[in-house]
Amino acid sequence: MRDFRAQVLSAVRRIPRGRVATYGDVAALAGSPRAWRAVGNIMRECRDPATPCHRVIGAGGALGGYGGNLQLKRELLRAEGIEVGPPPRSGASARQACIRRFREVRWKAAVRRGPSTARPGS
């Protein structure tokens with residue numbers, strides 16, 4: 001699990017200022033595409049100021065959590081030029097606030113893969 005944690009934190013540190021990535025995006029970059037919940041747990045426990053955990057959000061642009069301080073997460077994202085809007089439907093909780101222009105600000109780095117197994121000439 002330590003290796004996965006290190007890979008997650010490394011992936012999060014690569015997210016550029018003014019961009020966001022989903023928990024699933026980070027899990028895929030760390031080599032375990034279905035481990036998005038584990039990424040959330042790692043983000044919750046991370047206290048390293050060099051790791052921009054606020055740039056990791058839920059699927060579809062939902063803010064997700066931030067150690068219970070969603071207002072701080074909103075402020076950090078806004079300081080980077082990312083617009084945070086109200087929930088997409090009435091009656092939704094503040095926790096479900098969303099990133100505006102999500103598709104434009106979503107960062108999807110190329111997933112690193114091992115050497116190709118294809119044979120020459122095939």
Side-chain angles (χ1 to χ4, degrees):
M1 182 66 170
R2 278 211 183 282
D3 288 340
F4 180 67
R5 183 179 192 283
Q7 291 172 320
V8 165
L9 296 177
S10 175
V12 172
R13 289 184 194 112
R14 292 174 42 211
I15 303 170
R17 181 177 173 82
R19 305 296 293 273
V20 295
T22 68
Y23 296 101
D25 294 339
V26 173
L29 287 169
S32 296
R34 298 182 66 184
W36 53 270
R37 283 187 183 197
V39 170
N41 290 331
I42 292 167
M43 295 292 93
R44 184 181 64 238
E45 296 169 3
C46 181
R47 300 290 180 251
D48 180 7
T51 304
C53 298
H54 64 282
R55 295 179 189 155
V56 182
I57 61 171
L63 284 188
Y66 193 63
N69 195 343
L70 287 177
Q71 186 58 35
L72 177 59
K73 187 171 189 171
R74 279 189 200 97
E75 290 171 14
L76 290 169
L77 290 169
R78 286 180 179 150
E80 294 185 7
I82 296 174
E83 296 178 44
V84 180
R89 61 190 186 291
S90 63
S93 72
R95 181 181 178 115
Q96 294 172 334
C98 290
I99 301 296
R100 291 188 179 160
R101 299 182 359 257
F102 172 62
R103 290 182 183 170
E104 296 171 31
V105 298
R106 184 178 186 183
W107 180 72
K108 290 197 72 163
V111 176
R112 295 180 185 173
R113 298 178 192 242
S116 174
T117 57
R119 293 180 300 182
S122 58

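- Side-chain contact check for M43 versus L9: some heavy-atom pair is nearer than 4.5 Å.
- More than 12 heavy atoms of other residues, nucleotides or ligands lie within 6.0 Å of CZ in R78, so this atom counts as buried by the packing criterion.
- Here E80 contributes atom CD and E75 contributes atom CD; the two are 13.0 Å apart, rounded to the nearest 0.5 Å.
- Rounded to the nearest 0.5 angstrom, R55 CZ and L76 CG are separated by 9.0 Å.
- Within the 4.5 Å cutoff, side-chain heavy atoms of Y66 are placed close to those of L72.
- The two residues A27 and F4 come nearest to each other via the heavy atoms O-CE1, 4.5 Å.
- Side-chain N or O atoms of N41 include none that pairs as donor or acceptor with a backbone N or O of A38 at under 3.5 Å.
- Atoms CZ and CD1, from R106 and I57 in turn, are 8.0 Å apart once rounded to the nearest 0.5 Å.
- Using a 4.5 Å heavy-atom threshold, the side chains of I82 and V20 count as touching.
- Here the straight-line distance linking atom CZ of R17 with atom CG of L77 works out to 10.5 Å at 0.5 Å rounding.
- Although no hydrogens or angles enter the test, the distance criterion places no donor-acceptor pair under 3.5 Å between the side chain of R44 and the main chain of G67.
- Distance check: C53 SG to I42 CD1 gives 10.0 Å after rounding to the nearest 0.5 Å.
- Using a distance-only test at 3.5 Å, with no hydrogens or angles considered, a donor-acceptor pair links the side chain of K73 to the main chain of G65.
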Derivation and outcome, side-chain contact (heavy atoms from CB on, under 4.5 Å), residues R100 and V105: CA-CA 9 Å; R100 291 188 179 160; V105 298; over 6 Å; no

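- Residues V56 and T22 have side chains not in contact (no heavy-atom distance under 4.5 Å, counting atoms from C-beta outward).
- Between atom CG of residue L70 and atom NE2 of residue H54 there is a gap of 13.5 Å, rounded to the nearest 0.5 Å.
- Taking all atoms of both residues into account, the shortest heavy-atom contact from A50 to P52 is O-CD, 3.5 Å.
- Contact between A21 and I15 at its shortest, heavy atoms only, is CB-CD1, 3.7 Å.
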